[in-house]
There are 2 protein chains.
Amino acid sequence: MGRPTKPILSRGRICAAALAIVDQDGLAELSMRRLARELGVQVSSLYEHVKTKDDVLNEVANTIMEDVEVSGFETGDWRHGVASWARSYRAALAAHPQIVPFLAYGPARREASLRRADAVHGGLVGAGWPPRYATLIGASTKYLVIGSAMSSFAGGFDDDVQVYVERYPHLAGAHRLRGRAGVIDRDSFELALEMFLDGLTALHARVAAPPEPAGP
Amino acid sequence: MGRPTKPILSRGRICAAALAIVDQDGLAELSMRRLARELGVQVSSLYEHVKTKDDVLNEVANTIMEDVEVSGFETGDWRHGVASWARSYRAALAAHPQIVPFLAYGPARREASLRRADAVHGGLVGAGWPPRYATLIGASTKYLVIGSAMSSFAGGFDDDVQVYVERYPHLAGAHRLRGRAGVIDRDSFELALEMFLDGLTALHARVAAPPEPAGP
DNA sequence: AACGGCTTCCGAACGATGTTCGGTCACCCA
DNA sequence: TGGGTGACCGAACATCGTTCGGAAGCCGTT
């Protein structure tokens, strides 16, 4: 068949199609052959634009991370900065829950993530947190977000809930909330974040450096 | 070759070997063929004792979860109960970091996890927490543990750190702590847990039911 | 205007994976 | 003593990610 008059593929189109498949049918359903079929093309053609399957997934991951906001450190105090970072981080993952298991493999290595980690660290230090605390707070917040995205209630319980309800009395009430799993997810995350920040606020008063004086 | 005089395989031996492989060489290195080779046996023989590869991994996961302790609710107040649960949960995962990505796929569905979720929920309600808060606190704590286990297992930063150090000034100090990554992980988790519990303690005073009166 | 090289897609193949199926033979109970 | 069940083997299947040689449209050069 040879070269087509107008290019069919591009790195962007491939990654977009990959994300669509993952969003719709899950990470396990993404294969290079499926991807090619979806794009009306043969498998080997993909490798002209993309190095490996992992390459595709990494690009998709980076794209998703672009939506994470760290600008809150400029428009408010450190608490507002952390909170808005955490919420937009979680929102970005929640928008594509199926890819989270892949994301979690090495988020720190990703370019976009690193840029944000730097901003967070800087924002915290600027607010008087000792550098070591800044590191810990950044990591802790990430734990919350990743943990929330990974073990979200929504994926936890599936259809055959009845079995458990009978066997574990204390959980019966909790299970009745199924279907509203998304709400529990959000509320749990919010509770964890607020309690964490409450605790940090008290700690900040004890360990933070005094604000920089105005002039020399 | 036919039937051997003494059985070579058993479900237990297979799962133990699987865990050994995963611990030593990672989740990606676990294949049925490798597993068979390690046990001095042919691949198809495994399927006499085990339904699928996922079956093996699930059994391994359950085994690991057995080490999680929820007895803290009987030996102390709710705060002690949550803290000791969270710590033993994290310790169990940290003992086998390579399997965490698999674990995180559906921990709530697992038998052992459910039994513990029930105990935690009961312990919290018994301490006066409204049932809904008990659910949220259980989920939040799990977020912390899973998130901590996930993003620490990933190794976060790897060898070619130099690149990032130059590019992201605020992270330079944080990177110098590499090699002590394990310490940062533990400290971050402890900080998050303590701050979270501090926040909850204040909340408990506002929303908890009064303790049950002694007699009628 | 003809040609040569680069780009882009195709077809077939490779090795590895999870799983299945029919065969073989030792053990144990009748 | 014989037959059935249990435990291992060998070969095969479909699927996966990836590679490689070939075909053919496009563009710049001569």
Side-chain angles (χ1 to χ4, degrees), chain A residues 1-62 98-99 101-103 105-106 109, chain B residues 1-62 98-99 101-103 105-106 109:
Chain A
M1 305 295 159
R3 181 182 184 180
T5 300
K6 202 66 185 312
I8 308 174
L9 297 175
S10 76
R11 194 178 167 84
R13 283 172 59 79
I14 292 176
C15 293
L19 179 55
I21 293 174
V22 170
D23 277 347
Q24 192 171 332
D25 296 332
L27 203 57
E29 283 304 306
L30 176 67
S31 72
M32 295 305 270
R33 283 171 169 89
R34 165 85 187 269
L35 194 46
R37 181 160 25 98
E38 215 90 3
L39 288 161
V41 124
Q42 298 293 344
V43 209
S44 44
S45 308
L46 299 175
Y47 289 87
E48 294 290 337
H49 307 265
V50 136
K51 227 165 31 175
T52 71
K53 180 185 178 180
D54 248 60
D55 183 26
V56 176
L57 278 168
N58 267 301
E59 175 101 2
V60 171
N62 267 322
Q98 306 261 35
I99 213 185
F102 175 83
L103 263 231
Y105 260 85
R109 224 167 309 181
Chain B
M1 306 292 159
R3 183 180 183 181
T5 300
K6 203 63 185 313
I8 308 174
L9 297 174
S10 77
R11 194 178 167 85
R13 282 174 58 77
I14 292 175
C15 293
L19 179 56
I21 292 174
V22 170
D23 277 345
Q24 192 172 332
D25 296 332
L27 204 55
E29 282 303 305
L30 176 67
S31 73
M32 295 305 271
R33 283 170 169 88
R34 165 86 189 269
L35 193 46
R37 181 160 25 98
E38 214 91 3
L39 288 161
V41 124
Q42 298 293 343
V43 208
S44 45
S45 307
L46 300 174
Y47 288 86
E48 295 288 338
H49 305 267
V50 136
K51 225 164 33 175
T52 72
K53 181 185 177 179
D54 247 61
D55 183 25
V56 175
L57 278 169
N58 267 301
E59 175 101 2
V60 171
N62 266 321
Q98 306 261 33
I99 213 185
F102 175 82
L103 265 229
Y105 259 87
R109 223 168 310 182

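In this text, all values refer to a predicted model and were calculated from it rather than measured experimentally.
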Q: State, with a plain yes or no, whether a side-chain heavy atom of A/V60 is found less than 4.5 Å away from one of A/I99.
A: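 Yes, at least one pair of side-chain atoms sits under 4.5 Å.
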**Q.** A/I8 CD1 to C/dT8 C1', straight-line distance once rounded to whole Å
**A.**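 The answer, rounded to whole Å, is 9 Å.
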Q: Could you state the atom-to-atom distance from CG of B/L35 to C1' of C/dA16 in whole Å?
A: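 Those two atoms, CG and C1', are 16 Å apart.
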(Q) Among residues 10-23 of chain B, which ones have heavy-atom contacts with DNA chain D below 4.0 Å? (A)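 Result for residues 10-23 of chain B: none.
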Q | Nucleotides bounding contact with chain B, strand DNA chain D, heavy-atom threshold 4.0 Å | A |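 Terminal contacting nucleotides, 5' to 3': D/dT5 to D/dA12.
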Enumerate the protein-to-nucleotides 20-24 of chain C contacts in which both atoms are nitrogen or oxygen and the separation is below 3.5 Å.
none

With the criterion being N/O to N/O and under 3.5 Å, what pairs connect the protein with nucleotides 1-4 of chain C, and how long is each?
none

Q: Using heavy atoms to find the nearest nucleotide of DNA chain C for B/L30 and B/T5 separately, return the residue whose nucleotide is more 5′.
A: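 It is B/L30 whose nearest nucleotide is closer to the 5' end.
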Q | Straight-line distance of B/N62 CG to B/L57 CG, nearest 0.5 Å | A |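 Interatomic distance, B/N62 CG to B/L57 CG, rounded to 0.5 Å: 11.5 Å.
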(Q) With a 4.0 Å cutoff (strictly under), does any side-chain N or O of A/S45 reach OP1 or OP2 of C/dC10? (A)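 Yes.
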Q. At under 4.0 Å, does any side-chain N or O of A/Q42 touch on OP1 or OP2 of C/dC9?
A.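 No, outside the criterion.
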Q: Could you note down all residue pairs passing salt bridge (Lys or Arg N to Asp or Glu O under 4.0 Å) where residues 1-18 of chain A supplies at least one of them, sequence neighbours left out?
A: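 Of all non-adjacent pairs touching residues 1-18 of chain A, those that pass salt bridge (Lys or Arg N to Asp or Glu O under 4.0 Å) are A/R11-A/D55, A/R11-A/E59.
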**Q.** Non-neighbouring partners of B/E48 that pass side chain to side chain donor-acceptor pair (under 3.5 Å), sequence neighbours left out
**A.**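 Per chain and number, B/E48 pairs via side chain to side chain donor-acceptor pair (under 3.5 Å) with no residue.
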